[in-house]
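What follows is a single structure, written as structure tokens, with notes after it.
Proteins come first, then strands; the chains are lettered A, B, ... in the order of their sequence lines, and each starts at number 1.
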2 protein chains.
Amino acid sequence: MSPRDPSSLDKRLEHLKAVARAKGLKLTHQRLEIFRELAATDEHPSADKIFRAVQRRMPTVSLDTVYRTLWMLHDVGLITTVGPEREAVRFDANLDQHHHYVCVQCGLVRDFESNELNALRVPASVHRLGSIVNAQVEVRGLCAKCQERPARGKKARSVSP
Amino acid sequence: MSPRDPSSLDKRLEHLKAVARAKGLKLTHQRLEIFRELAATDEHPSADKIFRAVQRRMPTVSLDTVYRTLWMLHDVGLITTVGPEREAVRFDANLDQHHHYVCVQCGLVRDFESNELNALRVPASVHRLGSIVNAQVEVRGLCAKCQERPARGKKARSVSP
DNA sequence: TTTGGTGCAAACCGTTTGCATCGCT
DNA sequence: AGCGATGCAAACGGTTTGCACCAAA
């Protein structure tokens, strides 16, 4: 079920249409191309990369439409981002093996430890990709504080805690 | 061994001094304060947060010294960053559970799958932090391509693949 | 006509860099 | 004196936003 698998792409386009119908989103030419571009690769491209690719077929698209579309797709749960969404780099002086809990709304990051998770083994296929420096678990969720005060109307995206 | 544990802070300061001695780094007042600030918390602050904290005790520090110091500490392996280092947000249309391999040099991201890792359980303590949306493994390493051509002299930090 | 979506350009913000100065050895 | 570290200010690059225009219902 790799993203390159054409049947997987079809499935995702189906899903997109279903969600669009359910939520009353307009599936404009631009939106369709942007989603298709992202769904057809497993390289996890940046907005700019998607922009340049879509631009080839559709010279009038603008970068900000790509951004708006991507976040819109993200908001309705059709796509995700890689790693914690954040506005700034976060640093870590804890060199012992540990794992992270990340709040998807406010960006809070907390360490936790687990011998069980420390012992996890990555599959052989990963070793073919390159060397391994470390492996850690990233748990995403809504932190206790953010559960109290429900999401703000607009950008539910990042804020330093 | 939480970062708030004062004995842990001491241990880290020891380590800092040892590495500084070994590598001939100058431990200026600024550098010491910046490291201390980071090592004393487990909030994984941004450069700006560290800057504001250090500034209280040392009103003349500048934000760029904080950045330079943090990356210097990072380059000698004394601190790390949370999540993949990247210059731009990367998007992902793969909603099935999967995991990521991230190259620490060029920023390449690749999916991989593992039933074993899909089944991992997070410790109870994490559930106290908030709700859980998903849990995935992030493996960091140097990808095959980057191993061939050794690191560039300057910033070994990010570039879109 | 009304409601969104889009494109453009300017604003924004985190981060980096060039350069002159400072402080330690 | 010599040399790396620092501070300042300006540049940079990714991202967002205000606004006018356009297209579909």
Report yes if a side-chain nitrogen or oxygen of A:W71 is closer than 4.0 Å to either non-bridging phosphate oxygen (OP1 or OP2) of D:dT16; otherwise report no.
-> yes
Should B:L95 and A:L38 be regarded as members of a common hydrophobic cluster, given that ILVMFWY residues are connected when their side-chain heavy atoms come within less than 4.5 Å of each other, either directly or indirectly?
-> no
With A:F51 via ring-ring contact (aromatic ring centres under 6.0 Å, His included) - residues at least two apart = none
Whole-Å distance, A:R86 CZ to C:dC13 C1', equals 13 Å
Expressed in angstrom and rounded to an integer, what is the separation of A:L27 atom CG from D:dA24 atom P?
-> 14 Å
What residues form a salt bridge (Lys or Arg N to Asp or Glu O under 4.0 Å) with B:D48, not counting sequence neighbours?
-> B:R52
May I have the distance from A:L70 (atom CG) to D:dT16 (atom C1'), rounded to whole angstrom?
-> 14 Å
To the nearest 0.5 Å, tell me how far A:I79 CD1 sits from A:L70 CG.
-> 5.0 Å
Using only side-chain N and O atoms of A:T28, determine if any of them is under 4.0 Å from OP1 or OP2 of C:dG5.
-> no
Results of ring-ring contact (aromatic ring centres under 6.0 Å, His included) for B:H100 - residues two or more places apart only = A:H44, B:H98
Could you state the atom-to-atom distance from CD of A:E33 to P of C:dG7 in whole Å?
-> 12 Å
Among all residues two or more places apart in sequence or in another chain, which pass the ring-ring contact (aromatic ring centres under 6.0 Å, His included) test with B:F112?
-> B:H99
Euclidean distance, atom CZ of residue B:R31 to atom C1' of D:dG7 [Å, nearest integer] = 14 Å
Can you sort out the partners of A:L32 under side-chain contact (heavy atoms from CB on, under 4.5 Å), two or more places apart, ordered by chain and number?
-> A:L16, A:L27, A:R36
NE2 of B:H74 versus P of C:dT16: gap in Å, rounded?
-> 11 Å
Taking salt bridge (Lys or Arg N to Asp or Glu O under 4.0 Å) as the test, write out the residues that go with A:R57, two or more places apart.
-> A:E33, A:E37
Axis bend over the full length of the helix from C:dT1-D:dA25 to C:dT25-D:dA1, computed from five pairs that close each end, to 10 degrees | 20°
What is the distance, rounded to the nearest whole Å, between atom CD of B:Q30 and atom C1' of D:dG4?
-> 13 Å
Has A:T69 got a side-chain N or O lying under 4.0 Å from the OP1 or OP2 atom of C:dG5?
-> no
Classify every nucleotide of nucleotides 8-14 of chain D by which part a protein heavy atom approaches to under 4.0 Å, writing B for the base, S for the sugar-phosphate alone and - for neither, in 5'-to-3' order.
-> BB----S
Residue set satisfying side-chain contact (heavy atoms from CB on, under 4.5 Å) with A:T81, at least two apart, ordered chain then number -> A:W71, A:H74, A:E85, A:R140, B:V89, B:F91
Between A:R90 (CZ) and C:dG14 (P), how many Å, whole number?
-> 12 Å
Go through the structure and list residues passing side-chain contact (heavy atoms from CB on, under 4.5 Å) with B:V76, not counting sequence neighbours.
-> B:V19, B:K23, B:L25, B:L78
side-chain hydrogen bond (donor to acceptor under 3.5 Å, both in side chains) partners of B:E116, counting only residues at least two apart | A:R121
Between N or O atoms, less than 3.5 Å apart, protein on one side and nucleotides 21-25 of chain C on the other: list the pairs.
none

